[in-house]
Protein chains: 2
Amino acid sequence: MAWSEVHKQTSRLKILDSAAVLFMEHGFDHIGINDVMQHAGLTRGAFYNHFSSKAELYREAILRAAKVSSEGVAKQSNGCVKTMVDTYVDVNHRNGTAFRCPLAFLTTDIHHQDDDVRNVYTQIFKRLLGVLSQGDTNTLAPEVIEKSILMVGSIAISRAINDEELAQAILKTCRDKVKEGFESA
Amino acid sequence: MAWSEVHKQTSRLKILDSAAVLFMEHGFDHIGINDVMQHAGLTRGAFYNHFSSKAELYREAILRAAKVSSEGVAKQSNGCVKTMVDTYVDVNHRNGTAFRCPLAFLTTDIHHQDDDVRNVYTQIFKRLLGVLSQGDTNTLAPEVIEKSILMVGSIAISRAINDEELAQAILKTCRDKVKEGFESA
DNA sequence: GTCTATAAAGGGATAGAC
DNA sequence: GTCTATCCCTTTATAGAC
């Protein structure tokens with residue numbers, strides 16, 4: 001690959017990483033192209049050499065955030081599902097430290113977006129169902145669905161409310177409930 | 001009360017009802033003052049005789065939507081908690097027909113707002129905990145928290161995903177789970 | 001490939017007539 | 001109290017120099 005090609009790919013990834021962090025934290029409408037490019041160390045004009053629109057950036061940023069998020073969880077949990085749940089349903093996730101799962105950070109934002117974005121969200125949710133079903137082919141078993149809603153819902157709702165004590169209680173309760181039935185490492 | 005006073009209160013309520021519907025359905029950023037006023041049958045210029053800012057309107061609209069929502073649920077359920085859950089965790093709620101609970105429709109929008117808005121959201125959530133605790137003073141019992149997350153989370157997440165079949169499965173599973181332990185009417 | 005400059009559109013808020 | 005007209009700022013997207 002030529003130098004200019006490498007340079008372009010590097011810039012693209014920087015833009016994508018910045019977008020992933022900023023969109024998850026502040027939502028689609030509160031982040032402009034300018035914010036993303038400044039965070040990436042570039043200027044606004046260069047954006048359209050990498051993405052055709054803000055909407056396209058959003059789609060790719062969600063996938064990027066999901067990748068970073070699932071890799072971050074996997075790294076800490078070493079394949080143990082109970083530890084994975086502990087890492088996901090945690091105050092550090094709620095506060096946006098380390099990683100930010102788009103399922104929980106963008107829940108209601110997604111409903112206002114077009115079908116392309118909603119498809120991406122749906123695919124990521126189905127991946128979570130796959131992980132929770134633990135090899136069982138029935139990803140729609142009641143326990144699997146219930147646990148997925150508790151995981152995503154507890155993070156999303158604990159982020160919305162303005163009461164630290166209640167937020168902590170929500171996280172602890174849901175964390176314990178989701179871990180029920182999984183084998184210890 | 002003088003005629004002009006009555007007129008003003010009538011206009012104010014029309015604005016508030018329009019704002020409640022539009023904000024719940026499309027979110028804070030996708031609805032302008034103009035949209036709200038047109039929906040209410042008025043023009044933009046008249047808005048600031050009733051509210052001092054868009055943010056103030058948002059706070060009041062959330063409270064209004066919560067009131068409409070809880071009254072709508074109560075009306076259909078006649079005091080029976082199981083029926084209340086059936087009405088709330090339903091595809092008609094998911095699709096925004098009839099009523100729209102701000103807890104589930106604005107979950108991630110709220111995190112981006114100021115403390116006043118987040119306080120309102122938190123108070124509404126605590127009211128739900130009170131209803132689910134059924135007179136028991138311990139609104140932070142694990143079952144109460146768990147049920148509240150399943151109710152709000154199932155509506156919020158089923159609205160985000162783009163797969164009708166999965167959405168229906170989520171609603172049915174969570175509805176059944178939340179009803180466990182409550183007495184039939 | 002990245003920069004500066006600018007076009008074009010949208011929306012919050014205010015002024016003043018009636 | 002409600003209307004029309006307007007100010008002003010933000011933001012997406014494009015044009016053209018280097």
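Throughout, a chain's letter reflects where its sequence line sits, starting with A, and its residues are numbered from 1. Everything numeric in this text was worked out from a predicted model, so none of it was measured.
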*Using a strict 4.0 Å threshold on nitrogen-to-oxygen distance, state whether B:K82 and B:D86 make a salt bridge.*
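Looking at B:K82 and B:D86, the cut-off is not met.
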Interatomic distance where [atom1] belongs to [X] and [atom2] belongs to [N] [whole Å]:
X: A:F51; N: D:dT12; atom1: CZ; atom2: P; value: 15 Å
X: B:N34; N: C:dG11; atom1: CG; atom2: P; value: 8 Å
X: B:L42; N: D:dT4; atom1: CG; atom2: C1'; value: 14 Å
X: B:E56; N: C:dG12; atom1: CD; atom2: P; value: 15 Å
X: B:M37; N: D:dG1; atom1: CE; atom2: P; value: 13 Å

For residues 161-168 of chain A, tabulate all N or O donor-acceptor pairs below 3.5 Å that involve a side-chain atom, not counting sequence neighbours.
unit_1, atom_1, unit_2, atom_2, d
A:N162, ND2, B:D115, OD1, 3.3
A:N162, ND2, B:N119, OD1, 3.0
A:D163, OD1, A:E165, N, 3.0
A:D163, OD1, A:L166, N, 2.9
A:D163, OD2, B:K126, NZ, 2.7
A:E164, OE1, A:R94, NH1, 3.3
A:E164, OE2, A:R94, NH1, 2.9

*For A:D116, check salt bridge (charged side-chain N to carboxylate O under 4.0 Å, His left out) against everything at least two apart and list the hits.*
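A:D116 satisfies salt bridge (charged side-chain N to carboxylate O under 4.0 Å, His left out) with A:R59 only.
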*What residues form a salt bridge (charged side-chain N to carboxylate O under 4.0 Å, His left out) with A:R127, not counting sequence neighbours?*
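Salt bridge (charged side-chain N to carboxylate O under 4.0 Å, His left out) list for A:R127, sorted by chain: empty.
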Could you give the side-chain donor-acceptor pairs of residues 1-9 of chain B under 3.5 Å, partners two or more places apart or in another chain?
unit_1, atom_1, unit_2, atom_2, d
B:K8, NZ, B:N49, O, 3.2

_At under 4.0 Å between heavy atoms, how does the protein contact nucleotides 13-18 of chain C? Give one character per nucleotide, 5' to 3', with B, S or -._
BB----
Return a table of donor-acceptor pairs under 3.5 angstrom between the side chains of residues 145-152 of chain B and protein atoms on other chains or two or more places apart.
unit_1, atom_1, unit_2, atom_2, d
B:K147, NZ, B:V178, O, 2.6
B:K147, NZ, B:E180, O, 2.6
B:S148, OG, B:I145, O, 2.6

*Name all residues meeting the ring-ring contact (aromatic ring centres under 6.0 Å, His included) criterion together with A:F28; count only those two or more places apart in sequence or in a different chain, and write none if there are none.*
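With sequence neighbours excluded, A:F28 shows a ring-ring contact (aromatic ring centres under 6.0 Å, His included) to A:F23, A:Y58, given in chain and number order.
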*Test ring-ring contact (aromatic ring centres under 6.0 Å, His included) applied to A:F105 - qualifying residues, sequence neighbours left out*: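 Here the qualifying residues are A:H93.
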*Please list residues of residues 11-30 of chain B whose heavy atoms come under 4.0 Å from any atom in DNA chain C, ordered by number; otherwise none.*
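Heavy-atom contacts with DNA chain C come from no residue of residues 11-30 of chain B; none.
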*asked:* Using a 4.0 Å heavy-atom cut-off, does A:I31 contact any base of the nucleic acid, only the sugar-phosphate backbone, or nothing at all?
replied: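 Since only primed, P, OP1 and OP2 atoms lie under 4.0 Å of A:I31, the category is sugar-phosphate.
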